[in-house]
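All remarks here apply to the structure that follows.
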Amino acid sequence: MLLLFCFLALSATSCRTIAPLAPVNLLQPGWHVRQGQAVWKPPGARPELSGELLFATNDDGDSFIQFSKSPFALVTAQTSQKRWHIEFGSGDYSFGGIGQPSEHFGWFKLAPALGGAKLSPPWHFERTSDTNWKLSNIRSGEMLEGFLSP
C-alpha cells in the first residue's frame, strides 16, 4: 500500500521547464556588440563548423552570443540576471537554468574568458593576438576559435 501511495504521489507532480529569456535588443544603451568569425568543433567526433559570430555584453553583466551560418543560427546562448538559456539550430535543442550556466556548454565560457577571467579545468582559453583567441575543453575535445572586431 505504501508503494502504491508513493507511486501516485510522484505521478501527480508536474515538471515545469524554465521559459526562455526575453529577446535582447542590442540597440539599447549599455550593450557592447562585437562581430567576427569563428570555427566551432563540437564535443566528440562531430565535424568542425565555421561561421559568423555575434558577441554582446551589457553593463549589467548579461551576455548574448550567436553563432550562425547564413541564413541559419546554429547556436544562440544568453545569460541574464542569474539565468541562462542556450538553443541549438532552430530551437530543436534548448536548455536553460537558474544560477551559473552549465559547465557543459563552452559558449558560456567565452564572455568571462574575453573579460579576463581565469577558467577552471577542463576549459582553457588563450589569446593568439589582440583580436584572435581560442577556447577549448581538453576533456571533451570541444573547441571554439575565432576573432572579434575591436
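FYI, the numbering just counts along the sequence from 1.
In terms of heavy atoms, Lys69 sits closest to Ser50 at CD-O, 3.0 Å. The shortest heavy-atom contact between Gln78 and Ala22 is NE2-O, 3.1 Å. Nearest heavy-atom pair, Leu114 versus Phe125, reported as atom, atom and distance to 0.1 Å: CD2-CZ, 3.7 Å.
Counting only residues at least two apart or on different chains, no ring-ring contact (aromatic ring centres under 6.0 Å, His included) pair has a member in residues 129-149. Legend: side chain to side chain donor-acceptor pair (under 3.5 Å) pairs involving residues 34-49, not counting sequence neighbours, sorted by first then second residue: Gln37-Glu52, Trp40-Glu142.
A donor-acceptor pair under 3.5 Å is absent between the side-chain atoms of Ser80 and the main chain of Arg83, judged by distance alone. Under the 3.5 Å distance criterion, the side-chain polar atoms of Asp60 are left unmatched by any main-chain donor or acceptor of Asp62. The backbone N or O of Lys134 sits nowhere less than 3.5 Å from a side-chain atom of Arg127 that would complete a donor-acceptor pair.
The one candidate from Phe55, Trp107, Phe72 that meets the ring-ring contact (aromatic ring centres under 6.0 Å, His included) condition with Phe67 is Trp107.
Rounding to the nearest 0.5 angstrom, the gap separating the CG atom in Asn58 from the CG atom in Asn25 is 11.5 Å. Separating the CD1 atom in Ile98 from the CD atom in Gln81 is a distance of 13.0 Å, to the nearest 0.5 Å. The OH atom of Tyr93 sits 13.0 Å away from the CD atom of Glu87 when rounded to the nearest 0.5 Å.
Taking hydrophobic clusters as Ile, Leu, Val, Met, Phe, Trp and Tyr residues chained together by side-chain heavy-atom distances below 4.5 Å, Phe108 does not share a cluster with Met143.
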Decide yes or no on side chain to side chain contact (heavy atoms under 4.5 Å, CB included) for Thr76 and Ile86, but give the supporting numbers first. CA-CA 6 Å; Thr76 303; Ile86 189 165; over 6 Å; no
Full working for side chain to side chain contact (heavy atoms under 4.5 Å, CB included) between Asn132 and Leu148: CA-CA 7 Å; Asn132 295 45; Leu148 290 166; over 6 Å; no
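Every residue was checked against the ring pair (Phe, Tyr, Trp, His ring centres under 6.0 Å) condition with Trp123, not counting sequence neighbours, and none meets it. Residues satisfying the side-chain hydrogen bond (donor to acceptor under 3.5 Å, both in side chains) test with Ser136, not counting sequence neighbours, are none. By the side-chain hydrogen bond (donor to acceptor under 3.5 Å, both in side chains) test, Glu145 is found to be paired with no residue, residues two or more places apart in sequence or in another chain being considered.
Lys109 has its side chain within reach of Glu103: a pair of non-hydrogen atoms, C-beta onward, lies under 4.5 Å apart. Taking 4.5 Å as the limit, some side-chain heavy atom of Leu53 sits within range of a side-chain heavy atom of Leu110. For the pair Leu49/Val39, no side-chain contact is recorded, criterion being any heavy-atom separation below 4.5 Å from C-beta on. When side chains are defined from C-beta on, Phe88 counts as touching Phe105, because their heavy atoms get closer than 4.5 Å. Counting heavy atoms from C-beta on, the side chains of Pro150 and Asp130 never come closer than 4.5 Å.
For the residue pair Thr79 / Ser63, a side-chain donor-acceptor distance below 3.5 Å is found, with atom types taken as modelled. If you check the side chains of Asn137 and His124, you find no donor sitting under 3.5 Å from an acceptor.
The other residues sharing a hydrophobic cluster with Val33 are Val24, Leu26, Trp31, Leu54, Phe64, where clustering joins ILVMFWY side chains under 4.5 Å apart.
For Asp92, the CG atom is densely surrounded, since the number of other residues' heavy atoms within 6.0 Å is greater than 12.
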